[in-house]
Enquirer: 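Handing you this structure, nothing more for now.
Counting from 1, the numbers follow the sequence of the chain as shown.
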Amino acid sequence: MPLNLTAGVLVVGSLDWESKSYGGNFVANPAAVRAKWRETRLKSDKRSAQYVRVPIRYGRLSQSRGDTYTMVFSPELGSRLGVGKVIRCRNAVNGTDDLIREASELWRAEQPGGKDVISAGWGCVAILTSPSFLDHEDAPVRTKLLQDWAAFTGRQGGYASFTFSAADRAATGDRPVIENGRLNIPWPKFKNNRPLSVDLVLLTATKPKIIKGVYPTVGEIAGAWIQKKSEDYYFRNNRLAGIRTADDGEIEALLDR
């Protein structure tokens, strides 16, 4: 029996504004891989893209962006949540093959040329499931889906190689932040605290820069953009797209002073 699960993709950075032409500073190439992914895999109506509260921060040191910082998920943030965007998938997930297909298409949008993999040294595709995911008559089938996903991701490189902060690990009860292909953060909620109403969410988890157990400071994050001014568009475009972190005010003040 098909599962007919509703799915979405959680985007928290350039995957959003490099895949759609919003106008103004946002200019996406319609022929580009990310734009094609968004057109073919995600719904395009306004109701299918929703802002949610999630634990995100600038914490991945990106060589391709001039050694400045991009987004990471960070369980330690607790109530200091940022704002990301969940965009619903066009197709339902009826089984393991469908889930792997969505993950593979997402990965190709993140790393063009990636074939038969959904991970690398810098990041990987992970999932979240709703709190009521197994509270259904077809729970055994859903459990098998999660087991198959865990087995598939277990054969991939990268999933066990990420180092998170000591506080991240404490926030997950000393469980791995990425475990069985799943990211250990709370289920996303809207600003009014209502939970997101899909069955599962795919996302790209990225490897943070951790030194002596902690993330870079706000001063270090802003300082990287001050040193490489041409790259601060990443921060500016996130802001324009409504993608925010709890540290944005401090970062912006340092960039604009």
Enquirer: Regarding R65 and S14, is there a side-chain donor-to-acceptor distance under 3.5 Å anywhere?
Expert: yes
Enquirer: Indicate yes or no for a side-chain donor-acceptor contact from R60 to the backbone of P208 under 3.5 Å, with no hydrogens or angles considered.
Expert: no
Enquirer: Inspect the contact between R108 and E102 and indicate whether a charged nitrogen and a carboxylate oxygen are less than 4.0 angstrom apart.
Expert: no
Enquirer: Indicate if F162 and V12 have the same hydrophobic cluster label, given that clusters are the connected sets of ILVMFWY residues with side-chain heavy-atom separations under 4.5 angstrom.
Expert: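 Yes, same cluster.
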Enquirer: Can you tell if the side chain of V9 reaches within under 4.5 Å of the side chain of C89, non-hydrogen atoms only?
Expert: yes
Enquirer: Under 4.5 Å between any side-chain heavy atoms of D16 and R38, yes or no?
Expert: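 Yes, their side chains come closer than 4.5 Å.
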Enquirer: Rounded to the nearest 0.5 Å, how far apart are CG of L61 and OG1 of T70?
Expert: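 Going from CG on L61 over to OG1 on T70, the span is 8.5 Å.
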Enquirer: Quick one: are the ring centres of Y234 and W17 less than 6.0 Å apart?
Expert: yes
Enquirer: How far apart are the closest heavy atoms of N4 and A92, and which atoms are they?
Expert: OD1-CB, 3.4 Å
Enquirer: Is the closest basic N to carboxylate O distance between R169 and D174 below 4.0 Å?
Expert: no
Enquirer: Within the side chain of N238, is there an N or O that forms a donor-acceptor pair under 3.5 Å with the backbone of F235?
Expert: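 No.
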Enquirer: Before accepting this row, confirm whether a basic side-chain N of the pair D256/R236 lies closer than 4.0 Å to the acidic partner's carboxylate O.
Expert: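 A salt bridge links D256 with R236.
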Enquirer: Do you know which two heavy atoms are closest between L183 and A126, and how far apart they sit?
Expert: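 Closest approach of L183 to A126: N-CB, 4.1 Å.
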Enquirer: Donor-acceptor check, side chain of E76 to backbone of A170, threshold 3.5 angstrom: yes or no?
Expert: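 Looks like no, no N/O pair under 3.5 Å.
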Enquirer: For W225 and E231, which heavy atoms make the closest approach, and how far apart are they?
Expert: NE1-O, 3.3 Å
Enquirer: Using the ring of F133 (Phe, Tyr or Trp, six-membered ring only), decide whether R142 places NZ or CZ under 6.0 Å from its centre and within 45 degrees of its axis.
Expert: yes
Enquirer: Is there a donor-acceptor contact under 3.5 Å linking the side chains of S197 and R88?
Expert: yes
Enquirer: Tell me whether R90 contacts the main-chain N or O of L42 through its side chain, where contact means a donor paired with an acceptor under 3.5 Å.
Expert: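 Pair found, side chain donor or acceptor close to backbone of L42.
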Enquirer: Salt bridge check, E39 against K36: does any charged N sit closer than 4.0 Å to a carboxylate O?
Expert: no
